[in-house]
Chemist: 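One structure, pasted below without further comment.
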2 protein chains.
Amino acid sequence: MSRSMAKPAGGYHHGNLQAALEDAALDLLETTSAAKISLREVARRAGVSHNAPYHHFGDRAALLRALGVRGMAALLSAQEEAVAAATGPVERVRALGLAYVRYAAAHPQAFALVFDPDYCAAGTPSAEMAPLITRNEDLLAAEVAALVREPGYEGRDVMALSAALWSTVHGMAQLVTLEHLPVEAAEPALDALVR
Amino acid sequence: MSRSMAKPAGGYHHGNLQAALEDAALDLLETTSAAKISLREVARRAGVSHNAPYHHFGDRAALLRALGVRGMAALLSAQEEAVAAATGPVERVRALGLAYVRYAAAHPQAFALVFDPDYCAAGTPSAEMAPLITRNEDLLAAEVAALVREPGYEGRDVMALSAALWSTVHGMAQLVTLEHLPVEAAEPALDALVR
DNA sequence: TCCAGTTTCTTGTCACTGTCCAGATTGGAA
DNA sequence: TTCCAATCTGGACAGTGACAAGAAACTGGA
């Protein structure tokens with residue numbers, strides 16, 4: 001349920017309300033889209049008054065931005081673990097993409113929040129979000145760079161290929177969460193491109 | 001501004017309020033995300049009371065669903081026109097994808113609404129949306145089928161390739177609207193895959 | 001120990017929203 | 001004309017995000 005310590009004492013002060021609020025909101029995000037999450041419901045779940053959140057988050061968007069950062073971090077580490085477990089350049093790129101799609105399928109609301117321009121604008125990412133984004137881009141670029149040194153992939157433009165791969169994987173993740181594509185179709189479709 | 005006839009007379013009855021409401025909402029959608037569009041603001045723009053919309057749309061979601069149908073129709077015809085203007089299987093697939101991305105870049109909020117699970121759920125599409133979706137899938141499948149008859153593309157699985165292409169194009173559209181990718185990067189990235 | 005000062009939380013309030021209700025207005029059919 | 005159904009209005013209610021003022025609890029220094 002809660003990812004960190006809950007209310008420790010019954011006193012006036014909560015102890016770790018910031019984390020408790022994020023946890024409560026993350027629980028809601030498992031079943032509800034970010035647009036439908038209300039600050040007051042989150043406060044209720046954390047057992048505090050409707051205004052307590054404003055001392056830890058400037059407004060509703062700030063809370064959701066914090067959740068977005070958590071989601072992006074989870075998405076990134078899912079990819080890193082998958083890449084670390086795979087062997088060979090082709091297999092590593094494949095694993096990276098599948099991890100991306102599978103994270104989206106497992107946490108559709110969190111995934112949607114990470115890429116929701118209303119809260120996590122890519123044009124002006126938050127100070128916590130920006131390094132995660134570049135880390136993700138670097139991870140992909142490094143794997144693609146290794147790929148184009150393989151026989152059969154030589155001479156490809158790393159930038160263009162990275163962009164194309166990210167697009168494919170991201171679109172696949174999106175279409176899977178939208179139930180436009182079944183999850184099982186992701187793997188063969190990805191293989192159809194990577195070959 | 002308004003896409004169809006506006007309020008015709010000053011009388012009690014509006015004349016064509018349904019269309020006027022959709023037009024007003026579409027204007028708002030050019031600059032505002034669907035989540036931030038309020039029924040009352042739309043009614044205000046159409047010059048009617050806050051409750052008039054309820055006689056033409058059951059609730060707020062119904063209005064946005066109608067906008068989603070309009071957006072999907074526009075996205076579809078943009079692709080059809082692009083395909084009709086192109087010659088040769090490879091070029092036609094390329095044109096289809098570029099039209100998709102360019103529509104998203106030109107109307108990011110409308111594009112987002114079309115694929116917003118809160119309003120236009122793909123799992124259970126509305127009666128007006130469903131035929132548009134299948135028409136789009138058929139269009140893509142037909143072009144891919146023509147493509148795999150070309151030398152250099154023989155023997156590919158049409159289903160898997162269609163899914164992969166749609167994913168790529170959709171993800172590219174998404175990343176462009178999110179400003180994660182510049183629009184100019186779309187064309188070379190697409191070419192890097194289609195070759 | 002006591003006691004300011006600061007942070008955290010609560011209660012009260014406001015404007016705005018979606019939706020329901022009852023009633024007024026209108027256009028068309030009998 | 002008269003009646004009816006469709007359309008639109010105003011009022012009401014609960015829920016929401018946000019602001020303001022005050023209570024409670026933790027903090028450090030005397």
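Chain letters run A, B, ... following the sequence lines, proteins first, then strands; residues in each count from 1. Hydrogens, waters and symmetry mates are skipped; everything else that's a heavy atom, side chains included, is used.
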Chemist: To the nearest angstrom, how far is A:Leu64 atom CG from D:dA18 atom P?
Modeler: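 Atom CG in A:Leu64 sits about 10 Å away from atom P in D:dA18.
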Chemist: Using the test side chain to side chain contact (heavy atoms under 4.5 Å, CB included), find all partners of A:Val169 that sit at least two apart in sequence or belong to another chain.
Modeler: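 Scan of A:Val169 (side chain to side chain contact (heavy atoms under 4.5 Å, CB included), adjacent residues dropped) gives A:Tyr100, A:Val101, A:Leu190.
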Chemist: Are B:His56 and D:dC8 close enough that a side-chain N or O sits under 4.0 Å from OP1 or OP2?
Modeler: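 Yes, B:His56 has a side-chain N/O under 4.0 Å of OP1/OP2 on D:dC8.
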Chemist: What distance do A:His170 atom NE2 and B:Leu181 atom CG have between them, rounded to the nearest 0.5 Å?
Modeler: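 These two atoms lie 10.0 Å from each other.
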Chemist: What is the separation between atom CG on B:Leu63 and atom P on C:dT17, rounded to the nearest whole Å?
Modeler: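 Value for this atom pair: 15 Å.
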Chemist: Can you tell me the distance, in whole Å, between the CZ atom of A:Phe57 and the P atom of C:dC9?
Modeler: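 Distance check: A:Phe57 CZ to C:dC9 P gives 11 Å.
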Chemist: Under 3.5 Å, is there a donor-acceptor pair between the side chain of B:Thr32 and the main chain of B:Leu29?
Modeler: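 The answer is no, because no donor-acceptor pair under 3.5 Å joins these two groups.
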Chemist: So does B:Arg70 pair up with B:Glu128, basic N to acidic O under 4.0 Å?
Modeler: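 Looking at B:Glu128 together with B:Arg70, the answer is no, because their closest N to O distance does not fall below 4.0 Å.
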Chemist: Identify, with sequence neighbours excluded, every residue that meets salt bridge (charged side-chain N to carboxylate O under 4.0 Å, His left out) alongside B:Arg45.
Modeler: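 Salt bridge (charged side-chain N to carboxylate O under 4.0 Å, His left out) check on B:Arg45 returns B:Glu41.
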Chemist: Output yes when at least one side-chain N/O atom of A:His55 is less than 4.0 Å from OP1 or OP2 of C:dT10, else no.
Modeler: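 The answer is no; no side-chain N or O of A:His55 sits under 4.0 Å from OP1 or OP2.
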Chemist: Where along nucleotides 10-17 of chain D does protein come under 4.0 Å, by heavy atom, of base (B) or sugar-phosphate alone (S), with - for untouched nucleotides?
Modeler: BBB---BB
Chemist: Answer yes or no: is there a donor N or O on one side and an acceptor on the other, between the side chain of B:Glu154 and the main chain of B:Gly152, under 3.5 Å?
Modeler: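 Yes, because the side chain of B:Glu154 sits within donor-acceptor range (under 3.5 Å) of the backbone of B:Gly152.
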Chemist: Figure out the CG/C1' separation between B:Leu17 and C:dG27, and round it to whole Å.
Modeler: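 The distance from CG of B:Leu17 to C1' of C:dG27 comes to 16 Å, rounded to the nearest Å.
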